[in-house]
Asks: 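Below you will find the structure I want to go over with you.
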Amino acid sequence: CRTGDSSHGEPASVCSGLGHANCAGGSLPANPFGADFAAEGFQWTTALCQKDSDGDGQSNGDELGDPCCRWGAGDAPSPYMASFSATHPGMSTSLQTAYSRPSCDGSAALQPAKKAMKR
């Protein structure tokens with residue numbers, strides 16, 4: 001992993017190879033999250049979001065800041081997601097220790113800004 005840039009809101013450690021065996025990426029075999037991502041056609045789906053790929057007790061969505069599985073490709077992050085310190089959904093040793101899952105009751109803070117449709 002590389003050192004994060006706090007001036008850009010990054011955490012202390014940043015992993016660029018999220019689905020790979022190491023944080024640099026480009027390596028095979030994939031980690032459990034990478035294998036699940038491939039099985040979903042390399043798409044962020046509700047099923048992938050709700051799954052706990054690394055078996056640490058937190059869903060992939062919980063670990064990546066999308067606990068209600070509302071984000072879609074091209075969407076801007078929700079206010080919650082933008083301020084969230086993500087953990088690695090493919091490494092069971094990377095988890096939120098003081099995590100309290102937010103309610104998915106329709107809060108605007110959890111709703112990403114939807115991308116504009118191309119015509």
Side-chain angles (χ1 to χ4, degrees):
C1 297
R2 69 173 174 80
T3 302
D5 184 344
S6 62
S7 70
H8 291 140
E10 293 178 347
S13 179
V14 176
C15 180
S16 299
L18 196 58
H20 299 273
N22 64 56
C23 283
S27 58
L28 292 175
N31 64 39
F33 176 76
D36 290 341
F37 187 55
E40 290 293 323
F42 300 100
Q43 301 291 317
W44 183 247
T45 64
T46 300
L48 180 61
C49 180
Q50 292 174 342
K51 189 166 187 172
D52 178 12
S53 293
D54 58 13
D56 63 5
Q58 294 177 344
S59 74
N60 296 327
D62 285 327
E63 293 203 67
L64 295 175
D66 187 18
C68 301
C69 303
R70 295 182 178 157
W71 185 85
D75 290 348
S78 69
Y80 175 85
M81 188 183 287
S83 65
F84 184 80
S85 290
T87 55
H88 199 302
M91 302 171 110
S92 61
T93 57
S94 173
L95 54 102
Q96 301 283 348
T97 55
Y99 179 70
S100 178
R101 192 172 202 277
S103 172
C104 295
D105 63 1
S107 168
L110 295 168
Q111 189 62 44
K114 295 296 178 187
K115 63 183 173 189
M117 301 299 289
K118 291 183 179 180
R119 294 183 188 238

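Scope of the values below: all heavy atoms of this structure, side chains included, with no hydrogens, waters or symmetry mates.
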Asks: Which value, rounded to the nearest 0.5 Å, describes the distance between Gln58 atom CD and Asn60 atom CG?
Replies: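 Gln58 CD to Asn60 CG: 10.5 Å, rounded to 0.5 Å.
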Asks: Just verifying a value: how many Å separate Cys49 SG and Leu64 CG, rounded to the nearest 0.5 Å?
Replies: 8.0 Å
Asks: Quick one: closest heavy-atom pair of Cys68 and Ser103, and the distance?
Replies: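 Here Cys68 and Ser103 meet closest at SG-O, 4.3 Å.
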Asks: Quick check: does any side chain N or O of Arg101 sit under 3.5 Å from a backbone N or O of Pro67, one acting as donor and the other as acceptor?
Replies: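 It does hold such a pair.
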Asks: Is the backbone N or O of Thr93 less than 3.5 Å from a side-chain atom of Asp56, with the two atoms forming a donor-acceptor pair by type?
Replies: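 Looks like no, no N/O pair under 3.5 Å.
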Asks: Ignoring hydrogens, what is the shortest heavy-atom contact between Pro112 and Ala76? Give both atom names and the distance.
Replies: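 Result for this residue pair: CB-O, 3.1 Å.
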Asks: Can you check whether Glu40's main-chain N or O pairs, donor with acceptor, with Asp36's side chain at less than 3.5 Å?
Replies: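 A pair under 3.5 Å: no.
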Asks: Could you tell me which non-hydrogen atom of Ala35 sits nearest to which non-hydrogen atom of Ala30, and how far apart they are?
Replies: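 Scanning both residues, the minimum pair turns out to be N-CB, 3.8 Å.
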Asks: If every non-hydrogen atom of Arg70 is compared with every non-hydrogen atom of Asp75, which pair is closest and at what distance?
Replies: O-OD2, 4.0 Å
Asks: Any chance you could measure Phe84, atom CZ, to Asp62, atom CG, to the nearest 0.5 Å?
Replies: 7.0 Å
Asks: Can you measure from OH (Tyr80) to CG (Asp66) and round to the nearest 0.5 angstrom?
Replies: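 Reported to 0.5 Å precision, the distance equals 9.5 Å.
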Asks: Give a yes or no on whether Leu48 and Met91 share a hydrophobic cluster (residues Ile, Leu, Val, Met, Phe, Trp, Tyr; joining criterion: side-chain heavy atoms under 4.5 Å apart).
Replies: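 As far as the 4.5 Å side-chain criterion goes, Met91 and Leu48 are not connected within one cluster.
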Asks: Please report the interatomic distance CZ(Phe37) to OG1(Thr45), rounded to the nearest 0.5 Å.
Replies: 9.0 Å
Asks: Using the six-membered ring wherever Trp is involved, compare the ring planes of Trp71 and Trp44 and label them parallel, tilted or perpendicular (cut-offs 30° and 60°).
Replies: perpendicular
Asks: To the nearest 0.5 Å, how far apart are SG in Cys69 and NZ in Lys51?
Replies: 13.5 Å
Asks: Under a 3.5 Å cutoff, is there a donor and acceptor pairing between the side chains of Thr87 and Glu63?
Replies: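 There is such a pair (donor and acceptor under 3.5 Å, judged by atom type) between the side chains of Thr87 and Glu63.
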